[in-house]
Amino acid sequence: MTDVQRVEIEYCTQCRWLPRAAWLAQELLTTFEGELAELALRPGTGGVFVVRVGDEVVWDRREQGFPEPTAVKKAVRDRVAPGKTLGHSER
């Protein structure tokens, strides 16, 4: 495990994307319950939906569209728990 254990999901309050962000947060916390020290939901504006691990952006809706949970899980896994299997999600 690396020393980066904080994940942040910044979502647009104007777009009402809190439910989407909260659902993704739940998916990540369930998958990485032993690896994450913190997961933060950060309100934003202007259509933002960005997932960060530490200071690194691993998903940006403006560039990549809305994420499938598996894609975000893989991006987070590669940074906080390399080698961890995601089980059926990786098939």
Distance from [X] atom [atom1] to [Y] atom [atom2], nearest 0.5 Å?
X	Y	atom1	atom2	value
F66	R20	CZ	CZ	4.0 Å
E38	L29	CD	CG	10.5 Å
K84	R77	NZ	CZ	9.5 Å

Cluster overlap [X] with [Y], hydrophobic side-chain contacts below 4.5 Å:
X	Y	result
V50	W23	no
V57	V7	no
V51	L18	yes

If I compare all heavy atoms of [X] with all of [Y], which pair ends up nearest, and what's the gap?
X	Y	answer
V48	R62	N-NH2, 3.8 Å
Y11	W17	CD1-C, 3.9 Å
L39	A25	CD2-CB, 3.4 Å
A75	V58	CB-CB, 3.9 Å
R52	G54	CB-O, 3.8 Å
R6	A40	NH2-CB, 3.4 Å

| task | Could you tell me whether Q14 atom CD has more than 12 heavy atoms of other residues or ligands within 6.0 Å of it? | result | yes
| field | Residue E33 excluded, over 12 heavy atoms near CD under 6.0 Å | value | no
Do side-chain atoms of [X] reach the backbone of [Y] as a donor and acceptor pair under 3.5 angstrom?
X	Y	value
R61	G47	yes
Q64	D60	yes
T45	C12	no

| Tell me, do L28 and K73 make a side-chain contact under 4.5 Å, heavy atoms counted? |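 Yes, close enough: below the 4.5 Å cut-off.
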| request: Decide yes or no for L24 and W59: does some side-chain heavy atom of the first lie under 4.5 Å from some side-chain heavy atom of the second? | output: no
